[in-house]
Amino acid sequence: GGLAGQSRSVRFVTLSNISNLPTPISLGTGQRNMAGLLLAASITAPLSLPASSVPAASPSWSVSALCNEEVEGGSIACKLQDYSASHWTARGRFVKTGNVTGWNALNITANTKSAPSDRVAAYAAGFVEGALTPDMINLQWRNLNLGQVDPAVQSFVEANTKWVTSQVAEHAATDEYWASVGLVYAQYDGLVAGYRADKAHAVLTPLQILLIGMSVELDDVKAAAVPSSRPNYLAMRERDFHEYVLTHSHCSAMIKVTAD
């Protein structure tokens, strides 16, 4: 595992009103987002957007970040700089084509040749994403209408996050799974920091940004945390029960295989 000695590019597209949680940097094992779902982003050699998919008039933003940790495993500090800077830990380009093609595009590259560690590279990738997409993150919060999340659900999420980070601290050095989870959380921390670097648009809290990534899981969390919200299966007719299972037990995904 590990990323040492290579530069990797993470490329994914988002719907015009969606900003995803950070796409994980691969350690060669299945990665999970904050809700525990496998992510389908690809880790490849550096990519460029096909010219045909980027209309000439599409607005775009590009930036790089130089990041370092004060001590190994300690806090990480990043500074934004020009995309073409000679020294960088991660850099990215956001092309806002949602109103033209239906999709926006975000291309992130982590420079693992110069990053002090995989953790710093993951944090830097998140930092660049957060710095490039604060408006999209805010729009996603509004679209999901998560402002009325049950306090018991928030408490559950906060307690679970605290437990996960404690497990990362205890096991990441010797267990590949927890090392991978730690990188996802490092990228989430970087995303929050990059988002909050734009003080004019940073209106969400770290918990609210985490809830965006967990939105599809919140009903299940509520059923666990708030017993009164659970459906009364015994009172359901058989047809109603099957309908409930059909609409609550699975979902669909769209996957596009890239040329490489």
Side-chain angles (χ1 to χ4, degrees), residues 1-12 19-29 31-35 39 41 43 46 62-83 85 87-94 106-134 136-137 161-162 164-173 176-199 202 204-210 212-213:
L3 298 171
Q6 300 186 51
S7 293
R8 304 290 184 92
S9 177
V10 180
R11 179 187 176 190
F12 64 97
S19 177
N20 295 318
L21 276 178
T23 306
I25 296 176
S26 175
L27 283 180
T29 59
Q31 301 293 311
R32 295 172 181 267
N33 68 5
M34 315 316 295
L39 289 167
I43 310 294
S62 57
V63 71
S64 70
L66 185 63
C67 306
N68 288 286
E69 53 188 345
E70 295 179 1
V71 296
E72 185 176 354
S75 61
I76 301 172
C78 296
K79 67 175 183 178
L80 292 173
Q81 54 188 15
D82 189 78
Y83 181 89
H87 300 289
W88 52 277
T89 314
R91 62 185 181 185
R93 183 186 182 207
F94 176 60
L106 176 64
N107 191 74
I108 302 284
T109 303
N111 186 3
T112 53
K113 290 182 178 179
S114 63
S117 65
D118 287 350
R119 176 173 168 267
V120 174
Y123 185 99
F127 190 88
V128 168
E129 179 181 354
L132 285 172
T133 61
M136 303 306 298
I137 294 172
T161 301
K162 184 177 180 180
V164 170
T165 53
S166 73
Q167 297 303 297
V168 169
E170 183 176 352
H171 301 296
E176 188 180 52
Y177 170 77
W178 286 110
S180 299
V181 172
L183 292 187
V184 176
Y185 271 75
Q187 198 165 358
Y188 159 73
D189 289 339
L191 175 75
V192 171
Y195 167 82
R196 300 180 85 176
D198 184 351
K199 299 185 185 303
L204 301 178
T205 68
L207 175 61
Q208 288 172 322
I209 294 175
L210 180 58
I212 291 174

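Computed from a prediction, not measured in an experiment: that's the story for all the values here. Heads up: numbering here begins at 1 and tracks the sequence.
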Legend entry - Student check: side-chain heavy atoms of T133 and Y195 closer than 4.5 Å: no
Legend entry - Steps toward side-chain contact (heavy atoms from CB on, under 4.5 Å) verdict (N111, W88): CA-CA 7 Å; N111 186 3; W88 52 277; 3.2 Å; yes
Inset, instruction - Identify the two heavy atoms, one from A124 and one from C67, that lie closest to each other, and give their separation to 0.1 Å. - result: CB-SG, 3.6 Å
Inset, instruction - Compare every heavy atom of A186 with every heavy atom of A122, then report the nearest pair and how far apart it is. - result: CB-CB, 4.3 Å
Inset, instruction - Decide yes or no for V184 and Y188: does some side-chain heavy atom of the first lie under 4.5 Å from some side-chain heavy atom of the second? - result: no
Inset, instruction - Check whether any side-chain heavy atom of L207 lies under 4.5 Å from a side-chain heavy atom of I209, and answer yes or no. - result: no
Legend entry - Euclidean distance, T165 OG1 relative to W178 CH2, rounded to 0.5 Å: 9.5 Å
Legend entry - Side chains of L191 and F127 in contact at under 4.5 Å (non-hydrogen atoms): no
Legend entry - Closest approach of A65 to V128 (non-hydrogen atoms, all atoms of both residues): CB-CG2, 3.8 Å
Legend entry - Exercise: identify the closest heavy-atom pair between S64 and R91: CB-CB, 3.5 Å
Legend entry - Within-4.5 Å side-chain heavy-atom neighbours: M136 and L106: no
Legend entry - Donor-acceptor contact below 3.5 Å, side chain S114 vs main chain T89: no
Inset, instruction - To the nearest 0.5 angstrom, please state how far the OG atom of S75 sits from the OH atom of Y123. - result: 8.0 Å
Legend entry - Nearest-0.5 Å distance, CZ of residue F94 to OG of residue S62: 12.5 Å
Inset, instruction - Find out whether E69 and P116 are in side-chain contact, i.e. whether some heavy atom of one side chain is under 4.5 Å from a heavy atom of the other. - result: yes
Legend entry - Heavy-atom side-chain contact between L183 and V181 under 4.5 Å: no
Legend entry - Inter-residue atom distance N68.CG - K79.NZ, 0.5 Å rounding: 9.0 Å
Inset, instruction - Please answer whether the main-chain N or O of R93 pairs with a side-chain N or O of N107 as donor and acceptor at a distance below 3.5 Å. - result: no
Inset, instruction - Taking the side chain as every heavy atom from C-beta outward, state whether P206 and R196 have any atom pair closer than 4.5 Å. - result: yes
Legend entry - Minimum heavy-atom distance E129-I108, with the two atoms named: N-CD1, 4.1 Å
